[in-house]
Amino acid sequence: MMCRAFGPPESLVLQELPSPPLAPGQLRVAVHACGVNFPDLLMMQGRYQFKPPLPFAPGGEVAGVVVETGPDATGFPVGARVRCSVGHGGFADEVVVAGKQVVALPDAVDFVTGAVMGAAYGTSLHALADRAQLAPGESVLVLGATGGVGLSAVQLAKLMGARVLAAGGSDAKLAQVAAAGADAVVNYNTQDLRAAIAAFTDGKGVDVVYDTVGGSYSELALRSTAWRGRFLVVGFTAGEIPKLAANLLLLKGCAAIGVFYGDYLRREPEHGRAEFQRLMGWFESGQLKPHIHRTYPLAEASAALRAMADRQVVGKIVVVPR
């Protein structure tokens, strides 16, 4: 499904293209599932940090089976089950990847789960464990908790022993987040967010804010952080990049911390692999299970992106070419 010009999800075009040859160290992977993420939308609009040259296929994380190995490719024979971080190109029957982009997928983890482990859950584990140094017993506010990244943060924070207040804009969606483990929920479209945080923390303020939304809610949440709180800047699905008041950081002794998972993996690959193995263990043992809202065939990838753009999704959606 090719993006030939920047535009809306409906501008994707289904095309038949020749299979590219394999360079040394590369693998050809038959795609069984591809996670759908908000950066896919931003790339199609030319608004993401990384801008692949046109034309390109969206889709940054896939799970599938190795069907061919190039010269000097080691570690993953034909038939191996794998997941791959590809950045883009995953909305396709196959991808060509370098060995360093691939990790083995255990038999206990299905392809759909494997395709959503990286972007959402990887971002959230990096944010909470590495950037925020979240400790058991601390409180976490998740802004945008009904989306794929937000819901992964709710699940991981609970798994790490935190108390979680989940914030979103739909009562129906928040009910599903509560069922997934959030200790309390707040609809920031109809309720007072600061009052909800005060009630949840007995007036102490929240230890960690996980902000996927941006816009007007960011400063409200920052004003409700505890002493030595950590404000995690994860994304801006509201479309507006907030201008945080620096005096609040001073008065609260708190920190605003950027979370750029893609560049973290590029700059610190060994740390990233270690975190991913921790995630893999939780998925393999059944302690962590993604909420899959729906799967779509490859030809309906535009509809999958439209559902995400229109805020119709709770958790994750996945394109399934096979």
Side-chain angles (χ1 to χ4, degrees), residues 9 35-42 112-113 115-117 119-125 127-128 139-160 162-197 199-201 206 208-218 220-221 224 232-240 242 259 288-296 300-320:
V36 181
N37 297 292
F38 196 71
D40 298 326
L41 283 170
L42 296 179
V112 168
T113 299
V116 302
M117 293 168 63
Y121 289 90
T123 295
S124 292
L125 183 60
L128 295 170
S139 57
V140 178
L141 167 67
V142 179
L143 297 176
T146 61
V149 176
L151 185 52
S152 73
V154 171
Q155 292 176 295
L156 284 169
K158 288 298 297 178
L159 198 55
M160 297 167 68
R163 297 178 61 248
V164 179
L165 173 61
S170 161
D171 290 338
K173 292 180 182 179
L174 285 169
Q176 296 184 59
V177 175
D183 296 285
V185 299
V186 54
N187 185 329
Y188 41 48
N189 287 336
T190 61
Q191 297 172 266
D192 186 324
L193 178 61
R194 294 195 69 191
I197 296 171
F200 184 70
T201 62
V206 71
V208 175
V209 176
Y210 186 101
D211 184 9
T212 72
V213 179
S216 60
Y217 302 115
S218 297
L220 290 175
S224 297
L232 297 169
V233 181
V234 183
F236 315 106
T237 58
E240 178 188 342
V259 180
L288 198 56
K289 185 176 178 60
H291 179 88
I292 304 300
H293 181 84
R294 184 180 163 185
T295 62
Y296 292 79
E300 296 179 17
S302 293
L305 288 169
R306 173 51 62 193
M308 176 173 288
D310 291 347
R311 306 288 196 271
Q312 297 174 0
V313 177
V314 177
K316 295 293 296 181
I317 50 178
V318 181
V319 168
V320 183

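Using modelled atom types, one side-chain atom of N189 and one backbone atom of G169 make a donor-acceptor pair closer than 3.5 Å. A donor-acceptor distance shorter than 3.5 angstrom exists from the side chain of Q155 to the backbone of K289, with no hydrogens or angles considered.
Applying the side-chain contact (heavy atoms from CB on, under 4.5 Å) criterion to A184, with sequence neighbours excluded, gives L165, F200. The side chain to side chain donor-acceptor pair (under 3.5 Å) search around D192 returns none, not counting sequence neighbours. Listed by chain and number, the residues in a side chain to side chain donor-acceptor pair (under 3.5 Å) with Y296 amount to none (sequence neighbours excluded). By the side-chain contact (heavy atoms from CB on, under 4.5 Å) test, E240 pairs with no residue at all, sequence neighbours left out. By the side-chain contact (heavy atoms from CB on, under 4.5 Å) test, A182 is found to be paired with V154, A166, V177, V185, residues two or more places apart in sequence or in another chain being considered. With sequence neighbours left out, the side-chain contact (heavy atoms from CB on, under 4.5 Å) criterion links A127 to Y210, L232, V259. Contacts of R306 classified as side chain to side chain donor-acceptor pair (under 3.5 Å), with partners at least two apart in sequence or in another chain: E10, D310. With sequence neighbours excluded, the residues satisfying side chain to side chain donor-acceptor pair (under 3.5 Å) with S139 are D207. Shown here are the ring-ring contact (aromatic ring centres under 6.0 Å, His included) partners of F38, two or more places apart in sequence or in another chain: there are none.
Closest approach of G35 to D40, counting heavy atoms only: O-OD2, 4.0 Å. Taking every heavy atom of both residues into account, A157 and L128 meet most closely at N-CD1, 3.9 Å. Between V313 and G315, the shortest heavy-atom distance links the atoms CG1-O, 3.5 Å. Here the shortest heavy-atom pairing between L151 and H291 reads CD2-CB, 3.6 Å. Of all the heavy atoms in T212 and L143, the pair that sits closest is OG1-O, 2.9 Å. Residues A221 and L141 approach most closely at CB-CD2, 3.8 Å, considering heavy atoms.
Counting heavy atoms from C-beta outward, M308 and V36 have side chains that approach closer than 4.5 Å. Contact of the V213 side chain with the F236 side chain is not registered, since no non-hydrogen atoms from C-beta on lie closer than 4.5 Å. Side-chain contact check for T123 versus S152: every heavy-atom pair is 4.5 Å or farther apart. Using a 4.5 Å heavy-atom cutoff, the side chains of P242 and Y217 are not in contact. Taking the side chain as every heavy atom from C-beta outward, S124 and V149 approach each other to under 4.5 Å. Using a 4.5 Å heavy-atom threshold, the side chains of N37 and K316 count as touching. Proximity of T146 to L174: side-chain heavy atoms (C-beta onward) are separated by under 4.5 Å at one or more points.
Identified under the salt bridge (Lys or Arg N to Asp or Glu O under 4.0 Å) test for residues 141-160, with sequence neighbours left out: K158-D183.
Atoms OG1 and CD1, on T295 and I317 in that order, are 10.0 Å from each other to the nearest 0.5 Å.
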Item to complete: Take V233 and D211 through the side chain to side chain contact (heavy atoms under 4.5 Å, CB included) test and state the conclusion after the steps.
Response: CA-CA 6 Å; V233 181; D211 184 9; over 6 Å; no
